[in-house]
Amino acid sequence: MKRLGAAILFVSVAAVVGLAQPPQFSQGVRAFIKVDAPVVALTHARVIDGTGAAANEDQTVIIRGGNIASMGPSARTAVPDGATTIDLTGKSVMPGLVMVHEHLYYPTGPGVYGQLGESFVRLYLAGGVTTMRTAGNVNGVMDLKLKQLVDAGQQPGPSIDATAPYLNGPNTFLQMRDMTGADDARRQVAYWADMGATSFKAYMQITRDELRAAIDEAHTRGLKVTGHLCSVTYAEAADLGIDDLEHGFMASTDFVPDKQPDVCPGQAAGQRTIAALDEHGEPFLALVTKLVDRHVALTSTLTVFETFTPGRPLPPGLDVLLPELKQQFEQAYQRTQQKTDSPYAALFPKGMAFERAFARAGGTLIAGTDPTGGGGVIPGFSNQRQLELLVEEGFTPLEAIKIGTLNGATYLGRAARVGSIAVGKQADLVVVDGDPSTNIGDVRKVETVFKQGVGFDPAKLIASVSGKVGLW
Ligand SMILES: [Zn+2]
């Protein structure tokens with residue numbers, strides 16, 4: 001009996017530790033919540049579970065205490081007494097998006113990146129993003145503080161894997177430090193890890209020695225390093241143990257003929273070689289094999305490259321911008337359309353083909369949006385656009401959804417809790433008015449975003465920042 005009692009106690013403690021309750025929300029956050037009940041039943045829903053499996057029609061999902069308590073065909077799944085029932089006939093439930101190249105800043109003027117965390121966390125959540133990694137920060141502590149405030153229920157937004165300020169060598173960005181060597185890289189990683197950063201991003205002017213030291217310090221602490229590289233090639237970074245590479249193959253300088261070690265030959269020089277590279281040729285396939293063998297993930301950020309490419313549609317969500325910023329982007333967009341000799345005309349489809357080849361070869365493709373570049377990549381809206389672009393790239397809608405959900409969660413080490421819809425997992429769910437498993441464009445029709453079982457209203461989140469994004 002005594003032994004049994006101890007076993008039961010152990011199980012219940014484990015349950016409490018594993019299944020965190022949603023936080024107490026502040027009044028300000030409450031204004032964006034439309035469903036908050038001890039038990040919620042989503043009935044007659046099409047469930048797209050995020051694993052790539054075919055959608056299941058007419059399902060009932062029971063949410064209790066922030067988690068998925070049970071799930072099955074509506075005809076056989078009992079709705080508990082007192083549950084708040086939401087009939088989702090004709091609608092779909094998919095996992096909250098887990099995207100990994102997000103930022104809390106935006107280009108507002110020459111060399112200036114406005115720190116827009118306040119509005120961006122709302123837009124990300126409204127777009128269906130319930131977990132995100134920021135892929136580099138130029139503000140210091142804001143990513144870390146927002147992560148804490150969201151976790152504490154004091155801000156609406158996705159759960160954040162917060163990156164430290166960029167790890168870079170001498171560079172021209174006003175808001176980016178210049179590291180001075182390997183010891184400095186190690187110190188910078190240790191300092192920001194102690195401050196609460198949970199991931200790191202190497203940038204275009206880092207040296208191999210600095211990158212090696214940074215990776216070693218991060219890995220010692222169980223943290224991961226990604227890179228938007230240039231001075232270090234993808235193959236070199238893979239050998240140094242990097243976990244992830246940003247922007248598909250668009251930042252690879254592996255094929256620049258006169259590449260000097262530790263020197264960035266310029267992004268354009270790398271991209272010229274990528275545009276000319278054969279997707280079926282030995283040099284490219286050898287790099288893919290190395291990345292796959294070394295378990296280096298690749299982050300697709302098609303949304304930012306689309307804004308540089310002529311002949312593409314205006315990106316979604318521009319109306320949330322401050323009028324001056326909206327006009328600024330629209331003028332840049334017009335200039336892009338007139339650039340008939342733009343290298344992106346060839347590079348954009350090539351970049352897609354390379355990412356597809358990497359994934360088909362067994363590589364881990366994850367996704368993000370990168371709201372930087374020349375502007376026009378709007379959080380939330382662009383995460384939906386990124387899924388559409390993955391389908392254009394050649395993935396099925398179910399594969400694209402998996403890349404934007406379970407793949408990201410797996411990379412972040414969070415797949416036991418989020419990233420797919422399964423009994424026992426956290427109820428991070430997006431209700432979509434349509435069927436994105438057959439028409440990916442339906443991901444734009446987000447009705448409710450559940451995070452830990454609490455349903456947020458995307459329309460209210462967007463309305464609260466509309467026309468002001470750029471100020472805060
Ligand atoms: Zn970025």
Side-chain angles (χ1 to χ4, degrees), residues 97-103 129 131-137 143 160-168 185 189 192-193 197-204 206 208 210-254 270 287-305 351 354-359 361-370 372 383 386 390 402-415 419:
L97 301 178
V98 182
M99 292 230 175
V100 295
H101 192 127
E102 310 314 322
H103 291 294
V129 181
T131 302
M132 68 184 202
R133 178 186 68 184
T134 57
N137 97 45
D143 292 31
I160 298 173
D161 182 73
T163 38
Y166 288 82
L167 303 168
N168 202 12
V189 169
W192 285 101
T198 44
S199 74
F200 291 87
K201 179 165 168 196
Y203 208 57
M204 295 171 70
I206 197 167
R208 289 165 300 169
E210 288 163 344
L211 183 57
R212 180 186 294 110
I215 290 170
D216 183 57
E217 185 64 29
H219 284 183
T220 299
R221 294 160 176 268
L223 304 174
K224 288 184 174 177
V225 179
T226 190
H228 170 173
L229 300 178
C230 181
S231 49
V232 178
T233 67
Y234 280 25
E236 289 168 342
D239 286 338
L240 293 172
I242 203 164
D243 300 289
D244 182 13
L245 294 161
E246 299 305 304
H247 307 303
F249 288 94
M250 298 287 217
S252 160
T253 52
D254 295 66
L287 178 58
V288 168
T289 300
K290 179 180 280 270
L291 299 181
V292 173
D293 287 351
R294 302 278 157 111
H295 304 289
V296 181
L298 198 68
T299 306
S300 170
T301 63
L302 297 168
T303 38
V304 70
F305 295 114
F354 283 0
E355 285 181 3
R356 196 175 55 222
F358 169 79
T364 298
L365 190 65
I366 51 184
T369 64
D370 196 11
T372 60
N383 299 85
Q386 172 67 23
L390 285 169
K402 176 173 182 272
I403 292 166
T405 58
L406 187 57
N407 283 13
T410 302
Y411 174 81
L412 294 177
R414 298 186 180 203

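Between the OG1 atom of Thr253 and the CG atom of Leu229 there is a distance of 7.5 Å, given to the nearest 0.5 Å. Here the OG1-CD distance, from Thr372 to Glu102, works out to 10.5 Å after rounding to the nearest 0.5 Å. The OG1 atom of Thr369 lies 11.0 Å from the CG atom of Leu302; values are rounded to the nearest 0.5 Å. Annotation: the span from Glu355 atom CD to Thr299 atom OG1 amounts to 9.0 Å, rounded to 0.5 Å. Distance check: Met99 CE to Leu412 CG gives 12.0 Å after rounding to the nearest 0.5 Å. Taking OG1 from Thr134 and CG from Asp143, the interatomic distance works out to 4.0 Å, rounded to the nearest 0.5 Å.
Between the side chains of Ser300 and Gln386, at least one donor N or O lies within less than 3.5 Å of an accepting N or O.
Using the six-membered ring where Trp is involved, His228 and His247 have ring planes that are perpendicular, over 60° apart on the 30 and 60° scheme.
Of the listed residues (Asp243, Asp244, Asp239), just one forms a salt bridge (charged side-chain N to carboxylate O under 4.0 Å, His left out) with Arg294, and that residue is Asp239.
Partners of Asn137 under the side chain to side chain donor-acceptor pair (under 3.5 Å) rule, at least two apart in sequence or in another chain, do not exist in this structure. In this structure, the ring pair (Phe, Tyr, Trp, His ring centres under 6.0 Å) partners of Tyr166, at least two apart in sequence or on a different chain, are Tyr203.
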Exercise. Is there a side-chain contact (heavy atoms from CB on, under 4.5 Å) between Arg208 and Leu240 once you walk through the steps?
Worked result: CA-CA 8 Å; Arg208 289 165 300 169; Leu240 293 172; 4.2 Å; yes

Exercise. Going through the distances and angles, do Leu298 and Tyr234 end up as a side-chain contact (heavy atoms from CB on, under 4.5 Å)?
Worked result: CA-CA 10 Å; Leu298 198 68; Tyr234 280 25; 4.2 Å; yes

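Each salt bridge (charged side-chain N to carboxylate O under 4.0 Å, His left out) pair with one or both residues in residues 222-235, not counting sequence neighbours, would appear here, but there are none.
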